[in-house]
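To start, the structure itself, in structure tokens.
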Amino acid sequence: MAALRICTPGGGAPEARRGSLAAAGSAVQHGPDLIGFSSWVLPISAGYAVDRRHAAAGGVAACHGLSCADSGRRKNHPRASLVNGVVSSLEDSSGGEPALCVSDSPEDASSSGKVLSDLRRDMVDGISGIPRISAGKKKGMKFRKRGQGGNRLTRRSAPRRASGKSGQDQRILLSEDDIAAILSSVTHESSIEECNSVLIRLEKHSDKTALGFFEWMKANGKLKGNAEAYHLALQAIAWKEDWEAAGQLLHEMVADSGCALDAQAFNGLIYVCAKRRLVDWGTKWLHMMLERDVQPNVSTVGMLMGLYQRIGNLPEAEFTFAKMRKCGIKCVNAYSAMVTLYTRLGHFAKSEEVITLMNNDEVVPNMENWLVRLNAYCQQGKMEEAELVLKSLVDEGIALNVVAYNTVITGYGKVSDMQKAMEVFDRLKSAGLAPDETTYRSMIEGFGRADKYKQAILYYRKLRNSGFKPNASNFYTMINLLARHDDSEGATEILEDMRAAGCQCSSIVTVLVRAYGSVGRMHKVLQILKACFYKKILFDATSCSILVTGFVQNSLVEEAMRVLREKKWKDSDFEDNLYHILICSCKEAGCCDDAVRIYNQMPKSATHPNLRIYCSMIDVFSIMERFTDAEALYLELKASSCVLDMIAYSVIVRMYTKAGRPEDACLVLEDMEKQKEIVPDKYLFLDMLRTYQKCGLLEKLSDTYYWILKSQVELDEAMYNCIINCCGRAIPVDELSRIFDEMIQQGHLANTVTLNVLLDIYGKAGLFNKAEKVFLMARKQGMADIISYNTIIAAHAKNGDFRSMIYFVQRMQEAGFPVSLEAYNCMLDAYGKAGQLEEFAAVLQKMERAGCEFDHYTYNIMINIYGRKGWIEGVANVLAELKSRGGEPDLYSYNTLIKAYGIAGMPEDAVKLMQEMRIKGIAADRVTYTNLIAALQRNENFLEAVKWSLWMKQTGVAATRT
């Protein structure tokens with residue numbers, strides 16, 4: 001469809017005008033260009049000689065130059081609208097499109113002659129100050145214009161002009177004499193109709209000039225009840241996007257001039273919004289119409305719905321569509337827009353609902369609407385319904401065009417029914433239509449989806465032989481099809497076509513790698529590329545990186561190494577990044593050996609190692625448990641000028657932790673803490689807590705805990721659990737309770753280990769109420785395990801609360817757990833230390849009946865209890881039983897025996913135990929010496945006691961133990 005553009009050379013730099021009213025190219029892309037609206041056309045006798053016969057015959061009105069005929073006295077002005085590219089006469093109008101230029105009003109009407117004269121002079125001067133625009137200038141010329149509110153020059157494009165059938169630009173140019181002749185026809189006595197006629201002519205020349213004359217009309221009382229003039233002025237202001245002035249003019253139109261607001265007043269504003277895609281302002285004007293009880297018309301709805309369709313604003317489109325139906329307006333393009341929007345978004349059920357509503361509303365579909373319906377059904381593969389739409393078109397006497405056939409072919413392609421698609425293709429040719437590029441493209445896509453290799457190749461060649469070019473989708477389909485059918489020669493042909501079509505080398509390689517990689521034929525890629533443009537790839541870093549990454553991801557490391565050896569480009573930073581990507585790809589795929597191969601081939605710098613690559617390789621060597629190699633890389637980094645960052649320290653700490661060397665990990669963390677600018681992230685904090693816990697560094701754990709709070713790291717469930725598990729014994733109990741309560745309030749769940757740690761800490765601190773609350777929480781959440789029961793039993797046993805101890809033993813059995821050896825030991829120790837030997841013996845009997853095997857701790861408890869009573873025979877029996885079961889006394893056993901012999905008055909035997917410990921290689925600790933000295937002093941062997949005390953000091957035991 002031809003486009004209509006209006007040139008405005010006068011009164012300053014040209015203003016942006018209407019966009020081209022181009023016909024929609026397809027059934028699914030249409031805008032306000034397809035929506036019927038009327039526009040003012042300069043009266044033919046006002047300065048233009050137009051071929052009336054050509055316009056009447058249905059063509060586009062072509063301008064053949066300027067004429068000087070005076071039409072100032074004409075009362076009726078022909079108007080025209082563009083409908084399917086044809087200029088036709090209409091009585092409805094939608095205003096012009098000038099820009100706002102407001103002049104001061106004269107003090108009284110008597111000065112109107114002088115004002116008009118001044119206005120005429122200003123207009124002429126404005127025109128004379130602008131150089132003539134020759135007809136040979138190209139579209140889109142740049143002009144400079146002073147921005148509002150300042151003297152700064154800004155650039156903007158001159159509006160493009162519509163081209164007639166002759167292909168020449170059509171411009172509306174008025175000379176100084178033309179302006180003078182138009183204005184000379186107007187006086188204070190002129191009628192409103194005559195003034196409107198002049199306003200229309202001036203609007204077609206310059207928005208600024210027209211608005212200047214509009215102000216003269218206001219000063220001379222020509223606007224009372226003159227809605228037509230306001231319509232022109234409103235659209236002129238809209239082109240300048242001065243929405244505040246537009247709102248004021250609407251108010252003035254009603255309040256000062258007594259005009260009634262109608263849809264046409266707002267349509268001029270909405271038209272500009274639709275053309276310039278100003279969706280917010282277009283919506284605002286619609287809501288203002290509704291607030292002021294102004295009934296929208298078909299043009300209003302059509303422009304807005306076209307705007308919403310182009311922008312993809314579904315909510316506003318739905319609102320406008322609902323208002324349209326409520327007002328009883330029947331705009332066929334609104335239905336088309338809704339179907340298109342829903343189809344585009346995949347809401348096919350709603351698309352069909354709109355079609356049903358349209359039928360119920362008895363709206364007669366046009367060709368475009370039929371195509372939109374057809375597309376909606378074809379997109380979802382409902383081909384029976386699509387065929388019915390085609391039949392309806394034929395029944396209505398509408399000749400099917402290529403677009404309709406193409407849409408149906410696409411639909412059959414989507415459902416892989418290529419037999420039907422070929423039938424439609426034959427019907428298209430039988431109808432006397434020639435297949436276009438879309439036809440062939442759709443056939444290629446359909447055969448590709450159906451995996452019809454030979455047919456796809458056939459239609460691909462038909463497409464090229466017909467002079468058409470494949471699109472990107474065709475190339476992608478063909479490459480994938482050829483990869484599946486292992487046609488390397490065909491792939492080479494397609495790649496050459498892609499190069500000829502201007503596709504970038506990197507894009508071609510990407511498509512090829514994905515296609516052949518997805519079917520497991522990546523090993524064929526290098527052979528295919530060498531047959532066409534492999535040498536060009538070697539000079540392109542991006543293409544090389546895509547190719548070698550594809551090889552590595554498909555375990556073709558040798559091919560990747562070959563490409564890297566042969567590459568011609570040089571970019572050290574890009575190369576380092578590429579090697580890092582390759583190493584990481586191998587690591588993620590579990591191919592650590594390949595990562596090592598790539599690293600060994602990589603060019604290295606002895607003084608400036610790449611930190612990221614070294615960290616990745618330390619991680620790789622750690623996975624392979626090659627900790628010596630990993631540590632060697634760390635030492636290289638440390639010796640270089642490279643400054644380690646937080647990620648590097650995190651990798652190195654994990655390496656030492658995995659190697660079972662937490663002490664070395666602590667040294668690394670000490671180095672990190674010297675760099676004050678490094679703030680660990682959540683994961684490094686977790687590693688720090690676990691490392692310090694393994695080394696038993698309670699002070700470090702406490703410092704790290706408060707560092708976490710200070711750094712405001714986000715605490716998630718894992719972090720809360722780790723803090724409690726690791727720092728529970730390093731921070732005050734009150735602070736531990738606070739962090740646990742905070743964890744629960746945040747909705748996080750404590751794991752079993754966390755709950756057991758809390759039970760142990762609360763139990764040892766004597767906070768039995770808190771311990772029991774934690775235990776009940778563990779049971780309620782199903783987190784309580786045998787360790788939980790052992791811990792709560794041990795806490796009550798140590799406290800001497802035998803009733804609670806027995807209660808939790810029973811709960812343990814009720815929960816399905818057998819009474820554990822740990823629980824029996826706790827009861828033995830508690831009863832023995834309390835002197836309740838009957839209960840002590842009863843527990844031993846229960847253990848024997850349950851077949852519970854004694855451990856060292858059990859024997860040590862028995863030795864301790866019997867020793868306290870001085871029952872040396874009983875102690876001897878326990879030792880004999882221990883040895884009969886293959887056990888030997890440990891340090892705790894010897895300490896207990898020495899104490900027992902001292903109580904029994906047998907210091908010599910106690911000294912013999914010390915000698916026995918030396919023979920067995922068991923190092924005595926502070927408790928050993930203390931018990932021995934106490935045994936000697938108890939039996940009045942003070943000199944011997946002093947000797948052992950001096951020996952203890954000489955061995956340094958006292959210095960190392962506090």
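Within 6.0 Å of the CZ atom in Phe475, the count of heavy atoms belonging to other residues, nucleotides or ligands exceeds 12. Heavy-atom neighbours of Lys530 NZ from other residues, nucleotides or ligands within 6.0 Å: above the threshold of 12. For Gln504, the CD atom sits in a loose shell: 12 or fewer heavy atoms of surrounding residues, nucleotides or ligands are nearer than 6.0 Å. For NZ of Lys524, the number of neighbouring non-hydrogen atoms (other residues, nucleotides, ligands) closer than 6.0 Å is greater than 12.
The shortest side-chain heavy-atom distance between Ile444 and Pro470 does not fall under the 4.5 Å cut-off. Side-chain contact between Met522 and Gln553 is absent, with no heavy-atom pair separated by less than 4.5 Å. Contact annotation: the side chain of Arg276 approaches that of Glu241 to within less than 4.5 Å [non-hydrogen atoms, C-beta and beyond]. Taking the side chain as every heavy atom from C-beta outward, Leu307 and Glu316 never approach each other to under 4.5 Å. Using a 4.5 Å heavy-atom cutoff, the side chains of Met338 and Lys350 are not in contact. In this structure, Met367 and Leu393 have side chains that are in contact, with non-hydrogen atoms separated by less than 4.5 Å. The side-chain heavy atoms of Lys462 and Asn465, taken from C-beta on, include no pair separated by under 4.5 Å. Counting heavy atoms from C-beta on, the side chains of Pro296 and Leu290 come closer than 4.5 Å.
Rounding to the nearest 0.5 Å places CZ of Arg484 at 8.0 Å from OG of Ser518. Taken to the nearest 0.5 Å, the CG atom of Asn313 stands 9.5 Å off from the CD atom of Glu318. Atom OH of Tyr412 and atom CE of Met422 lie 14.0 Å apart (nearest 0.5 Å). Atom-to-atom distance recorded for Tyr516:OH and Gln527:CD is 9.0 Å, nearest 0.5 angstrom. For the atom pair CD1 (Ile494) and SG (Cys503), the distance works out to 11.0 Å, reported to the nearest 0.5 Å. Note that the OG atom of Ser545 and the CG atom of Leu578 stand 6.0 Å from one another [nearest 0.5 Å].
Glu493 places no side-chain N or O within 3.5 Å of a backbone atom of Glu489 that could act as its donor or acceptor partner. Within the 3.5 Å criterion, the main-chain N or O of Asn480 finds no donor-acceptor partner in the side chain of Arg514. Of the possible donor and acceptor atoms, none in the side chain of Asn554 sits under 3.5 Å from a partner among the backbone N and O of Leu556. Checking side-chain atoms of Ser543 against main-chain N and O of Asp540 turns up no donor-acceptor pair under 3.5 Å. Checking side-chain atoms of Gln295 against main-chain N and O of Cys327 turns up a donor-acceptor pair under 3.5 Å. Using modelled atom types, no side-chain atom of Asn359 and backbone atom of Thr356 make a donor-acceptor pair closer than 3.5 Å. Remark: side-chain polar atoms of Arg449 are paired, donor with acceptor, to backbone N or O of Gly413 under 3.5 angstrom.
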Would you check, one step at a time, whether the test ring-ring contact (aromatic ring centres under 6.0 Å, His included) holds for Phe321 with Tyr308?
CA-CA 11 Å; Phe321 184 74; Tyr308 296 145; over 10 Å; no

In sequence, state the C-alpha distance, the side-chain angles, and the governing distance for Asn375 and Thr407, and then conclude on side chain to side chain donor-acceptor pair (under 3.5 Å).
CA-CA 6 Å; Asn375 183 60; Thr407 305; 5.2 Å; no

Test Arg499 against Cys505 for side-chain contact (heavy atoms from CB on, under 4.5 Å), laying out the working first.
CA-CA 7 Å; Arg499 286 284 294 171; Cys505 188; 4.0 Å; yes

Asn267 and Thr300: side chain to side chain donor-acceptor pair (under 3.5 Å), yes or no, with the steps?
CA-CA 6 Å; Asn267 283 356; Thr300 311; 2.5 Å; yes

Check step by step if side-chain contact (heavy atoms from CB on, under 4.5 Å) holds for His287 and Phe319.
CA-CA 11 Å; His287 287 291; Phe319 173 81; 3.3 Å; yes

Using the rule given for side-chain contact (heavy atoms from CB on, under 4.5 Å), can you reason through Arg427 versus Tyr405, listing the C-alpha separation, both sets of side-chain angles and the distance that settles it, and then say yes or no?
CA-CA 8 Å; Arg427 283 157 53 189; Tyr405 284 110; 4.1 Å; yes

Output, in order, the C-alpha distance, side-chain angles, deciding distance and verdict of side-chain contact (heavy atoms from CB on, under 4.5 Å) for Leu374 and Val408.
CA-CA 7 Å; Leu374 188 64; Val408 178; 3.8 Å; yes

Given Glu445 and Thr477, is the side chain to side chain donor-acceptor pair (under 3.5 Å) satisfied, shown in steps?
CA-CA 7 Å; Glu445 294 301 311; Thr477 298; 2.7 Å; yes

Step by step, would you call Asp280 with Thr283 a side chain to side chain donor-acceptor pair (under 3.5 Å)?
CA-CA 5 Å; Asp280 292 335; Thr283 303; 5.7 Å; no

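Asp497 has a carboxylate O that lies under 4.0 Å from a charged side-chain N of Arg464, or vice versa, which qualifies the two as a salt bridge. At a threshold of 4.0 Å, the pair Arg373-Glu385 does not count as salt-bridged, since none of the basic side-chain nitrogens sits closer than that to a carboxylate oxygen.
Sorted by first and then second residue, the ring pair (Phe, Tyr, Trp, His ring centres under 6.0 Å) pairs involving residues 521-555 (not counting sequence neighbours) form an empty list. Within the structure, the salt bridge (Lys or Arg N to Asp or Glu O under 4.0 Å) test picks out the following pairs touching residues 391-414 (sequence neighbours left out): Lys391-Asp395. Residue pairs meeting the salt bridge (Lys or Arg N to Asp or Glu O under 4.0 Å) criterion with at least one member in residues 320-337, sequence neighbours excluded, are Arg325-Asp361.
Heavy atoms only, all atoms of each residue included: Phe348 and Ala376 are closest at CD2-O, 4.1 Å. The minimum heavy-atom distance between Arg344 and Gly312, with the atom names listed, is NH1-CA, 4.4 Å. Heavy atoms only, all atoms of each residue included: Ala560 and Val552 are closest at CB-CG2, 3.8 Å. Looking at every heavy atom in both residues, Ala483 comes nearest to Val519 through O-CG2, 3.7 Å. Between Cys273 and Trp285 the shortest heavy-atom distance is SG-CD1, 3.9 Å. Shortest non-hydrogen contact noted between Ala434 and Val402 is O-CG2, 4.0 Å.
Under 3.5 Å, the side chains of Ser336 and Asn369 contain a donor-acceptor pair of N or O atoms. Checking Asp436 against Thr439 by side-chain atom types alone, a donor-acceptor pair falls below 3.5 Å.
Taking the six-membered ring where the residue is Trp, the centroids of Tyr459 and Phe425 are separated by under 6.0 Å.
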